[in-house]
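Here is the structure we will look at, set down as structure tokens.
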2 protein chains.
Amino acid sequence: MSMVDSKQHPDTRKRILDAAEALFVEHGFEATSMRMITGRAGVNLASVNYHFGSKEALIQEVFRRRLAWLNHERLRALDRAEAGAKGAPLKPHQIVEAFFGVSLRMAADTERGGHTFMRLLGRTYTEPTAFVRQFLADEYAAVVPRFKQALFRSLPDVPPEEILWRFHFMLGAMSYAIAGTDALQLVAEYEMDEKDPGALARRLMPFLLGGLRAPLAEQPVKKEKGSRKVA
Amino acid sequence: MSMVDSKQHPDTRKRILDAAEALFVEHGFEATSMRMITGRAGVNLASVNYHFGSKEALIQEVFRRRLAWLNHERLRALDRAEAGAKGAPLKPHQIVEAFFGVSLRMAADTERGGHTFMRLLGRTYTEPTAFVRQFLADEYAAVVPRFKQALFRSLPDVPPEEILWRFHFMLGAMSYAIAGTDALQLVAEYEMDEKDPGALARRLMPFLLGGLRAPLAEQPVKKEKGSRKVA
DNA sequence: GCTCGTTTCAAACGATCGTTTTAATGATAC
DNA sequence: GTATCATTAAAACGATCGTTTGAAACGAGC
């Protein structure tokens, strides 16, 4: 078939990954068939199993190729901030910037597919499939403890438990802001200013920091009597 | 032809809806087959199509039967707060409590399936399927404008655009807090205090209000030349 | 008893799924 | 040229999908 392509090695792998990424975010994993992927990529159906082994392995590779870089950048940003602090605890906004700033910059990159991937990643945080959850946990295993410790040092007066819950909430707000479909039509009329890649960050960052530093609830969350057994 | 309600044998319908709800939140819509649903419900395979017409219609009914009550309660809570204010603008925390408090109380109900449903709903906010998105938009059409207006009155000094974005973020934080899988293993060690139904609310509410009332970014989000027009 | 409308049942429908198979193709080294 | 290797191609595999069918079972009214 001599169509427009027919170069010697039109990197089949990359075409499959790009097509799969776009289709996964558009339809979800289950609703995206191999034939949709290969059709969009312009490659043969069997090439997915040839290059990746299975659909499951393809899904993992879609994440791996971008998540490795993303988490590497997060650690680099944290390293840089800590180097500048010379042993002093970081300010909360520095930690939040290191973690979420990298995500938001990637989400603002519509040229090389970063935006598509971050939407996919955000949606995957609520993905029930077991092997995807396990894969994410592994990919984040090196990043999360570093940020945990930085936050504990940064907010010594806040119970660690509370800090982690608020980080949890922040992750949710960001994921939804990137991946959410605005199902309630809340910001539908404003969503057109996508041209400015930093717009979302300038809206979201104050919100995240406001939530993180909000005063604690007067009433303690849980009052447990005797048992304190959990290992 | 059977109409909308009032069957003498509501057993099969309810069993199907309960089974579908639990399986949808566990595996997602696409990955949940009719045979899984009917198998769990202990009914015949054909009964789903008999009682609901199609899988798509079943999905909509799973949402409709709970969402109608949920949004009704939200409006009731807002009505009560506004009646008590006697025409004065509400405090932000009252509006947030009216909207998210109802959700969190339903999410705390593990007895009658409210918890399962809220997890499903939270995950559906990032669901790409078109007909589900459209359905959600319709179900919320009566609720959103009321809360919008209450927030605008409550925060007259904050640009409406900013208010809506922050409401958007709050919805994301809550959805993820309920539906999220803690993929980063952030709060995995603490998640066992599910017994206290108000624990999540006492953690989340201060976070939400802190984000809502956070100081605006110094730099305006968008620098537009002439107009400042959006109604 | 019988009738009639509703609900349940087992079985099958065609379509599509992920995967496998087997052959053809292309490039490289001898 | 031939041999070798990696890649692509077309076709088919069995399994499972949502849905439909036609008959059996049930219950209320007479």
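Atoms considered below: every heavy atom in the structure, side chains included; atoms not considered: hydrogens, waters and symmetry mates. Computed from a prediction, not measured in an experiment: that's the story for all the values here. In what follows, chains carry the letters A, B, and so on, assigned in the order in which the sequence lines appear, proteins first and then strands, with residues in each chain numbered from 1.
The aromatic rings of B/His168 and B/Trp165 sit perpendicular, their planes meeting at an angle over 60°, well past the 30° parallel limit. Taking the six-membered ring where tryptophan is involved, the planes of B/Phe99 and B/Phe167 are perpendicular, since the angle between them exceeds 60° and thus also 30°. The aromatic rings of B/Tyr125 and B/Tyr140 sit tilted relative to each other, their planes meeting at an angle between 30° and 60°.
Counting to the nearest Å, the C1' atom of C/dC17 and the CG atom of A/Asn49 are 12 Å from each other. Rounded to whole angstrom, the span from the CZ atom of A/Arg13 across to the C1' atom of D/dA6 amounts to 14 Å. What separates CZ of B/Phe29 from P of D/dG18 is a distance of 13 Å, to the nearest Å. The nearest whole Å value for the distance from the CG atom in A/Asp11 to the P atom in D/dA6 is 17 Å. Counting to the nearest Å, the P atom of D/dA6 and the CG atom of A/Asn44 are 19 Å from each other. Taking atom CZ of A/Arg35 as the reference point, atom P of C/dG18 lies 7 Å away to the nearest angstrom. One can place CZ of A/Phe52 at 12 Å from P of D/dT7, the figure rounded to the nearest angstrom. Note: CD1 (A/Ile16) to P (D/dT7) measures 12 Å, nearest angstrom.
Taking 4.0 angstrom as the limit, A/His51 places none of its side-chain polar atoms (N or O) nearer than this to OP1 or OP2 of D/dA6. A close approach under 4.0 Å does occur between a side-chain nitrogen or oxygen of A/Thr12 and OP1 or OP2 of D/dT8. Phosphate contact (OP1/OP2 of C/dT8, side-chain N/O of B/Ser47, threshold under 4.0 Å): absent. In this structure, B/Ser33 reaches the D/dC17 phosphate: one of its side-chain N or O atoms is under 4.0 Å from OP1 or OP2.
With hydrogens and angles left out, the side-chain atoms of B/Thr129 and B/Glu127 include a donor and acceptor closer than 3.5 Å. At a cut-off of 3.5 Å, with distance as the only test, no side-chain donor of A/Arg119 or B/Thr126 sits close to an acceptor on the other residue.
Picking from D/dG18, C/dT19, C/dC9 the nucleotide with the shortest atom distance to the side chain of A/Leu45 gives C/dT19. With D/dT20, C/dT19, D/dT19 as the choices, the nucleotide that has an atom nearest any side-chain atom of B/Met34 turns out to be D/dT19. Residue B/Tyr50 places its side chain closer to C/dT7 than to any other of C/dT7, C/dG18, D/dT19.
Counting non-hydrogen atoms under 4.0 angstrom, A/Thr32 reaches the backbone sugars and phosphates but no base.
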